Amino acid sequence: MTGLMRLGVALGAALIPAGAEAACRLALLLALDVSSSVDEAEYLLQRDGLAAALMAPDVQGAILQGGGGVAIAAYEWSGRRQSTVIQEWALMSTADDIAAVSTRLRSAERSYRRFPTALGYALGFGATMMTAAPECERRVIDVSGDGITNDGFWPQQAYRHFPFGGVTVNALAVLGADPAVVDHYEFEVLHGPGAFIETAQGYEGYEQAMIRKLYREIQDRIVGAMPDPQAGPG
């Protein structure tokens, strides 16, 4: 474990109060793409879209009305060694908790700009970070990106060599930069029972896609081919 990861573990533990584990139903780790295919305007749409999605009424309701808090953390990823924690593990059980996490995410400064897409390494980083999460009923890594792996080992190798037992990996594929992104996320990135992919129409559609995705992840909903418009956000 790197010095950065050790620091993240220590800070994350400090943000989660004693006894929180017993009340946690989901540990949700969000991974944001900062590879070279993401320009500055797109980065802001991604970062601020996530922060806004957490504040959306449907998402807040899913967190606060589910019986037990949701622990959340986030990191940015791109090249082989370019993964950086931007939100340590924190338990969200009140509206103030959610607002505090949203504010911290919105104030994050971009960690990298000029590196390729190393999804295998990014997932390995996430699996290691997940070992520092509180004890929760479910563990989910939520990976966003707009391109396919072009550096280092691929996601399926990460799943063989890192601790992914009991961890589900869902994906948010941002359309526009690479026509192969959906297939790559669907066949290489999704992992574990119930794993699913959400799509965004460019980064302009990122916030709404993230609202749908967070709602589904937090509610642990199984969505059929024709979703019920009354069942959640559209």
Side-chain angles (χ1 to χ4, degrees), residues 1-2 4-6 8-9 12 24-35 37-38 46 50 70-87 89 111-112 115-175 177-178 180-200 209-210 213-214 216-218 220-223:
M1 183 180 292
T2 65
L4 177 62
M5 285 301 297
R6 285 193 293 271
V9 170
C24 179
R25 71 183 192 276
L26 171 64
L28 180 60
L29 178 56
L30 297 145
L32 306 181
D33 184 359
V34 293
S35 62
S37 63
V38 181
Q46 178 180 211
L50 172 58
V70 172
I72 192 170
Y75 66 100
E76 296 178 344
W77 65 272
S78 55
R80 298 187 184 199
R81 295 172 181 82
Q82 286 73 44
S83 290
T84 300
V85 178
I86 60 170
Q87 168 64 57
W89 284 109
S111 52
Y112 296 99
F115 290 88
T117 301
L119 264 166
Y121 281 86
L123 287 165
F125 184 93
T128 304
M129 192 171 172
M130 186 63 84
T131 65
E135 190 67 30
C136 300
E137 295 174 9
R138 295 187 294 124
R139 296 187 294 162
V140 174
I141 298 177
D142 179 328
V143 182
S144 299
D146 66 3
I148 71 170
T149 303
N150 58 24
D151 188 37
F153 55 83
W154 280 39
Q156 292 301 319
Q157 292 176 278
Y159 296 140
R160 288 194 291 270
H161 297 289
F162 286 88
F164 278 95
V167 176
T168 295
V169 180
N170 297 327
L172 196 165
V174 181
L175 307 181
D178 190 327
V181 65
V182 172
D183 283 348
H184 189 67
Y185 275 75
E186 184 173 357
F187 296 108
E188 286 290 330
V189 176
L190 296 187
H191 176 79
F196 69 93
I197 184 171
E198 180 63 73
T199 59
M210 181 57 75
K213 191 158 184 285
L214 289 174
R216 182 172 171 184
E217 285 168 333
I218 294 165
D220 194 21
R221 300 185 64 87
I222 303 299
V223 178

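Residue indices begin at 1 and follow the sequence shown. Keep in mind it's a predicted model, so treat the numbers as computed, not measured.
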For the student: nearest non-hydrogen atoms of [X] and [Y], plus distance:
X: Pro116; Y: Ser35; result: O-CB, 3.5 Å
X: Met129; Y: Trp89; result: O-NE1, 3.2 Å
X: Tyr75; Y: Val85; result: CB-CA, 3.9 Å
X: Cys24; Y: Glu135; result: CB-O, 3.8 Å
X: Ala71; Y: Pro134; result: CB-CG, 3.5 Å
X: Ser78; Y: Tyr112; result: OG-CB, 3.9 Å

Go through the steps for Ile148 and Asp183 under the test side chain to side chain contact (heavy atoms under 4.5 Å, CB included), then give the verdict. CA-CA 9 Å; Ile148 71 170; Asp183 283 348; over 6 Å; no
Side chains of Thr199 and Val181: closer than 4.5 Å at any heavy-atom pair?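 Not in contact.
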With sequence neighbours excluded, what pairs up with Asp146 under the salt bridge (Lys or Arg N to Asp or Glu O under 4.0 Å) test?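 Checked Asp146 against salt bridge (Lys or Arg N to Asp or Glu O under 4.0 Å); zero matches.
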Chi angles and distances behind the side chain to side chain contact (heavy atoms under 4.5 Å, CB included) call for Arg25, Ile218: CA-CA 9 Å; Arg25 71 183 192 276; Ile218 294 165; 3.3 Å; yes
To the nearest 0.5 angstrom, please state how far the [atom1] atom of [X] sits from the [atom2] atom of [Y].
X: Asp220; Y: Leu26; atom1: CG; atom2: CG; result: 8.5 Å
X: Asp178; Y: Asn150; atom1: CG; atom2: CG; result: 9.0 Å
X: Arg80; Y: Phe115; atom1: CZ; atom2: CZ; result: 12.0 Å
X: Leu50; Y: Met210; atom1: CG; atom2: CE; result: 5.0 Å
X: Ile86; Y: Glu76; atom1: CD1; atom2: CD; result: 4.5 Å

Please confirm whether the backbone N or O of Val143 pairs with a side-chain atom of Tyr185, one donor and one acceptor, at under 3.5 Å?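 No: the side chain of Tyr185 does not pair with the backbone of Val143.
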Can you list, pair by pair, the side-chain donor-acceptor contacts under 3.5 Å of residues 152-172, counting residues two or more places apart and other chains?
from: Gln156; atom 1: NE2; to: Glu188; atom 2: O; distance (Å): 2.9
from: Gln157; atom 1: OE1; to: Trp154; atom 2: N; distance (Å): 3.1
from: Tyr159; atom 1: OH; to: Val189; atom 2: O; distance (Å): 2.3
from: Asn170; atom 1: OD1; to: Phe196; atom 2: N; distance (Å): 3.0
from: Asn170; atom 1: ND2; to: Glu217; atom 2: OE2; distance (Å): 3.1

Verify side chain to side chain contact (heavy atoms under 4.5 Å, CB included) between Val38 and Leu32, making sure each step is shown before the conclusion. CA-CA 10 Å; Val38 181; Leu32 306 181; over 6 Å; no
Given Thr84, Asp33, Val34, the one that forms side-chain contact (heavy atoms from CB on, under 4.5 Å) with Trp77: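 Answer after filtering Thr84, Asp33, Val34: Asp33.
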Apply side chain to side chain contact (heavy atoms under 4.5 Å, CB included) to the pair Gln87 and Leu30, showing each step before the final yes or no. CA-CA 9 Å; Gln87 168 64 57; Leu30 297 145; over 6 Å; no
